[in-house]
Amino acid sequence: DTAVSQTPKYLVTQMGNDKSIKCEQNLGHDTMYWYKQDSKKFLKIMFSYNNKELIINETVPNRFSPKSPDKAHLNLHINSLELGDSAVYFCASSPKPGYGYTFGSGTRLTVV
Amino acid sequence: DQQVKQNSPSLSVQEGRISILNCDYTNSMFDYFLWYKKYPAEGPTFLISISSIKDKNEDGRFTVFLNKSAKHLSLHIVPSQPGDSAVYFCAASGGSSNTGKLIFGQGTTLQVKP
């Protein structure tokens with residue numbers, strides 16, 4: 001019974017395609033996040049939602065669009081994929097902003 | 001502009017000995033620090049944290065030390081076990097407009113040899 005689940009776990013796609021990564025948490029948390037781990041292994045925040053409201057929107061290309069249909073879900077849609085988008089994307093949730101993160105197992109995106 | 005840095009990409013220690021992982025930060029507004037552990041193909045899992053009002057926090061074999069004047073924190077694992085082999089990330093948060101964003105270091109890969 002996974003607390004934070006991401007699908008798919010692996011995603012290989014061609015440049016220019018549009019893809020989505022889904023995230024669901026069953027912890028009853030109010031806050032959800034998307035982080036990107038790049039080739040240099042840094043984990044960098046992209047977006048955060050608190051009670052379905054966007055509270056963090058870092059400097060990412062507007063090809064990336066998060067969507068939170070409810071508190072338990074935060075999906076990431078990426079348009080016109082580029083080679084540089086290849087990375088591992090982690091979803092996380094917490095009871096309140098900044099406290100007690102639980103991470104999903106990650107989605108490895110490879111753009112060819 | 002990397003505000004949290006882990007300058008040692010890897011560390012190897014013998015089972016039973018102490019592992020010391022280091023982390024430096026530049027933002028004096030950070031007031032909460034965390035360590036996460038990550039196994040391959042899994043997400044990071046929370047290990048231990050410390051508030052800036054403390055200089056030490058201990059949880060079993062894990063102790064985190066915070067030196068605010070030096071903007072440095074360290075994680076001590078005693079005794080180290082082979083199951084501790086993983087990537088360890090240091091993270092920080094805080095500031096006047098704290099939105100819950102964690103700033104991570106780039107990680108240190110710990111190998112504990114039997």
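Chain A is the first sequence line, chain B the second, and so forth, proteins listed ahead of strands; every chain is numbered from 1.
Not a single ring pair (Phe, Tyr, Trp, His ring centres under 6.0 Å) links His77(A) to another residue, sequence neighbours left out.
In the hydrophobic clustering of ILVMFWY residues, with side-chain heavy atoms under 4.5 Å counting as a link, Phe65(B) and Phe30(B) come out apart. Residues Met32(A) and Val88(A) do not share a hydrophobic cluster, defined by chaining ILVMFWY side chains whose heavy atoms lie under 4.5 Å apart. Neither Val12(A) nor Ile78(A) shares a network with the other; the hydrophobic side chains, linked directly or stepwise wherever heavy atoms of I, L, V, M, F, W or Y lie under 4.5 Å apart, form separate groups for each. Following chains of ILVMFWY side-chain contacts shorter than 4.5 Å, one can reach Leu74(A) starting from Val60(A), so the two form part of one hydrophobic cluster. Residues Phe62(B) and Ile20(B) do not share a hydrophobic cluster, defined by chaining ILVMFWY side chains whose heavy atoms lie under 4.5 Å apart.
A distance-only check finds a donor-acceptor pair linking the side chain of Lys9(A) to the backbone of Ala41(B) [under 3.5 Å].
Here the OH atom belonging to Tyr101(A) is positioned 7.5 Å from the OG atom belonging to Ser93(B), to the nearest 0.5 angstrom. The CZ atom of Phe90(A) lies 4.5 Å from the NZ atom of Lys38(B); values are rounded to the nearest 0.5 Å.
For chain A, no part of Tyr39(B) is nearby; none of its heavy atoms comes within less than 4.5 Å. Heavy-atom distances place no part of Gln6(A) under 4.5 Å from chain B, backbone and side chain included. Proximity to chain B (any heavy atom under 4.5 Å) is restricted, for Ile45(A), to the side chain, taken from C-beta onward. At a 4.5 Å heavy-atom cutoff, the contact between Ile56(A) and chain B is made by side-chain atoms alone.
Heavy-atom neighbours of Arg17(B) CZ from other residues, nucleotides or ligands within 6.0 Å: at or below the threshold of 12. Applying the 6.0 Å contact sphere to NZ of Lys22(A) captures no more than 12 heavy atoms from other residues, nucleotides or ligands.
For residues 102-114 of chain B, the interface with chain A (any heavy-atom pair closer than 4.5 Å) comprises Leu102(B), Phe104(B), Gly105(B), Gln106(B), sorted by residue number. Taking 4.5 Å as the heavy-atom cut-off, the residues of residues 102-112 of chain A that approach chain B are Phe103(A), Gly104(A), Ser105(A), ordered by number.
Within the hydrophobic cluster formed by Ile, Leu, Val, Met, Phe, Trp and Tyr side chains joined at under 4.5 Å, directly or through other members, Val4(A) is accompanied by Leu27(A).
Listed options Phe46(B), Tyr36(B), Tyr32(B) were ranked by heavy-atom pairs under 4.5 angstrom with chain A; first place goes to Tyr36(B).
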